[in-house]
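Before any comments, here is the structure.
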Amino acid sequence: MNILVIINHYVQILIVKNRIAYSFYLLISLKKMPKSYKIDIGENMKKTIRDFDLNNKKVIIRVDYNVPIKDGIILDDSRIVKSLDTLKYAVDNNAKVILMSHLGRIKTEEDKKNNSLQIVASRLSKLLNRDVIFVPSTRGDELECTINNLNPGDILLMENTRYEDLDGKKESSNDEELGKYWASLGDIFINDAFGTCHRAHASNVGIASNIESGIGFLVEKELKELSILDNPVRPFAVILGGAKVHDKINLIENLVNIADYILIGGGMAYTFLASSGLNIGKSILDEESIDFCKRILEENKDKIILPIDSVNENNGNIKEVFVSDINENDVGLDIGHSTIKLFKQYLNESKTIMWNGPVGYTEREEFTNGTKELCEALKNIEATKIIGGGDTASIVINLGYEKYMTHISTGGGASLEYLEGKTLPGIDIIGDK
Ligand code: ADP
Ligand code: MG
């Protein structure tokens with residue numbers, strides 16, 4: 001072996017050992033954190049439903065009724081429940097309410113059958129304890145006639161907006177004619193579907209381009225809570241997990257600029273560990289992101305905190321080891337106890353905490369401990385605690401910790417794109433105050 005390769009090899013080992021030693025030092029010595037300070041949060045400047053006179057007006061409300069359905073049964077109606085405040089406000093203010101939503105993806109006639117919103121109309125009717133008129137089409141005489149016959153306070157739900165996708169993806173590609181047509185059905189447009197705000201579709205950007213528009217209570221709350229992260233009370237810690245680094249490159253690039261600490265767990269931690277020269281066995285590796293991880297670690301030495309131990313599975317046996325002792329055939333599937341302890345120290349000192357990505361393979365209970373322990377830690381910490389990302393939101397709710405969080409974002413992709421610092425087209429198009 002070339003002497004330079006050997007030297008390089010030992011230098012790498014030294015760097016890794018130093019990093020691990022440093023993490024242990026933090027664990028033992030409870031590193032001093034910066035003192036917290038407070039910054040005011042900027043007011044949201046978009047028009048809201050409160051800024052309009054709704055009396056006798058046809059108000060199109062874009063809601064997110066993309067609920068999970070199996071064998072004709074709604075498995076979780078929380079998205080419908082979360083829309084009720086805006087609906088009740090509109091009804092109380094004598095609006096003629098026209099609801100629009102997508103449900104699933106529509107590529108074939110068969111998809112249409114499986115993704116009708118009729119079942120959602122029935123659930124909504126039950127939740128509100130009043131009639132909801134369902135129109136089984138997305139355009140045409142029946143829809144127009146029913147809308148024209150609405151009385152103030154009536155609620156109508158139109159069929160799945162994505163039925164229009166069978167005809168050249170008109171909804172999802174924000175077809176100009178379709179946006180204009182839907183806008184012609186109402187007087188005012190209210191966007192209350194945060195989950196689709198990162199996409200320009202006919203049923204959000206299309207309609208808002210043609211009539212007066214505002215946001216509903218649900219989107220208003222999302223923006224209010226997520227914008228706390230633009231000017232966080234410090235220290236601001238981020239827990240970042242999930243499977244792949246690749247999906248979160250833009251997020252990490254943005255977070256290193258705004259967070260004080262980024263605690264990395266989950267599958268993505270193993271690519272970070274591998275990029276600093278550790279053997280990660282058969283743990284999930286995102287090879288194309290290794291150079292990115294190296295650079296980010298190098299540029300943010302004190303900011304990025306990696307796991308110091310890992311719960312691994314090897315031929316059906318589960319064992320917890322330090323990250324320097326991962327074996328060839330080990331698959332790392334959760335953070336270990338020392339990492340949990342280390343992460344808790346940072347979290348305990350933080351005044352703002354954002355969490356995206358489970359820190360273990362939570363599809364299996366054996367690897368849910370790290371995620372659960374962090375939930376438990378957050379429960380007892382007085383800080384602004386914001387959860388973003390579809391899987392993270394589900395697991396925090398399923399484990400029973402929803403009530404201890406300041407905010408759990410309803411929009412998986414939308415909340416991530418917001419946190420990446422991107423403009424959300426569905427919000428951008430809404431009129432300013
Ligand atoms: P979110 O939807 O909240 O943004 P992600 O989709 O990024 O979260 O991450 C969730 C996925 O990450 C889950 O399917 C989980 O099993 C996976 N994951 C977490 N830790 C690991 C791991 N160690 N190995 C493989 N997958 C993991
Ligand atoms: Mg996900």
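Values in this document were obtained by computation on a predicted structure and should not be read as measured data. Atoms within each ligand, like the ligands themselves, are counted from 1 in listed order. Start at 1 with the first residue, then count along the sequence.
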Within ligand 1, which atoms have a heavy atom of [X] less than 4.0 Å away?
X	value
Leu333	23 (N), 24 (N)
Pro358	8 (O), 9 (O), 10 (C), 19 (C)
Lys248	4 (O), 5 (P), 7 (O), 8 (O)
Tyr270	23 (N)
Glu363	13 (C), 14 (O), 15 (C), 16 (O)

Is there a polar contact between ligand 1 and [X], counting only N or O atoms under 3.5 Å apart?
X	answer
Ala393	no
Ile284	no
Gly360	yes
Leu416	no

Measure across [X] and [Y] and return the closest heavy-atom pair with its distance rounded to 0.1 Å.
X	Y	result
Asp330	Asp325	OD2-O, 4.4 Å
Lys303	Asp260	CG-O, 3.2 Å
Leu399	Cys375	CD1-SG, 4.2 Å

Quiz item: Where the side chain of Arg79 meets the backbone of Asn66, is there a donor-acceptor pair that is under 3.5 Å apart?
Solution: yes

Query - Backbone of Asp309 reached by a side-chain donor or acceptor of Thr339 within 3.5 Å - result: yes

Counting heavy atoms not belonging to [X], are there more than 12 under 6.0 Å from its [atom1]?
X	atom1	result
Arg105	CZ	no
Asn315	CG	no
Lys180	NZ	no
Lys372	NZ	no

Looking only at protein heavy atoms, which one is nearest to [atom], and how far off is it?
atom	value
atom 3 (O) of ligand 1	Thr392 OG1, 2.4 Å
atom 12 (O) of ligand 1	Ala243 N, 3.1 Å
atom 21 (C) of ligand 1	Gly267 N, 3.2 Å
atom 26 (N) of ligand 1	Tyr361 CD1, 3.7 Å
atom 9 (O) of ligand 1	Gly242 CA, 3.1 Å

Applying side chain to side chain contact (heavy atoms under 4.5 Å, CB included) to His102 and Thr196, what does each step give before you reach the verdict? CA-CA 9 Å; His102 74 288; Thr196 49; 3.3 Å; yes

Heavy atom under 4.0 Å from ligand 1: found in [X]'s side chain, backbone, both, or neither?
X	result
Lys244	neither
Asn356	side chain
Asp391	both
Phe367	neither

Stepwise side chain to side chain contact (heavy atoms under 4.5 Å, CB included) test for Trp182 and Glu171
CA-CA 11 Å; Trp182 279 339; Glu171 152 75 327; 3.5 Å; yes

Only one of Leu99, Thr86, Ile190, Ile80 passes side chain to side chain contact (heavy atoms under 4.5 Å, CB included) with Val63, and that residue is Leu99

Candidates Gly357, Ser394, Ser409, Gly332; heavy atom nearest atom 23 (N) of ligand 1 found on Gly332

Contacts of Phe134 meeting ring pair (Phe, Tyr, Trp, His ring centres under 6.0 Å) (sequence neighbours excluded), chain-then-number -> none

To the nearest 0.5 Å, atom OG of Ser275 lies from atom CD of Glu287 at 12.5 Å

From the list Arg50, Lys46, Lys433, salt bridge (Lys or Arg N to Asp or Glu O under 4.0 Å) with Glu220 holds only for Arg50

Listing protein N, O or S under 2.8 Å around the Mg ion (ligand 2) gives Asp391 OD2

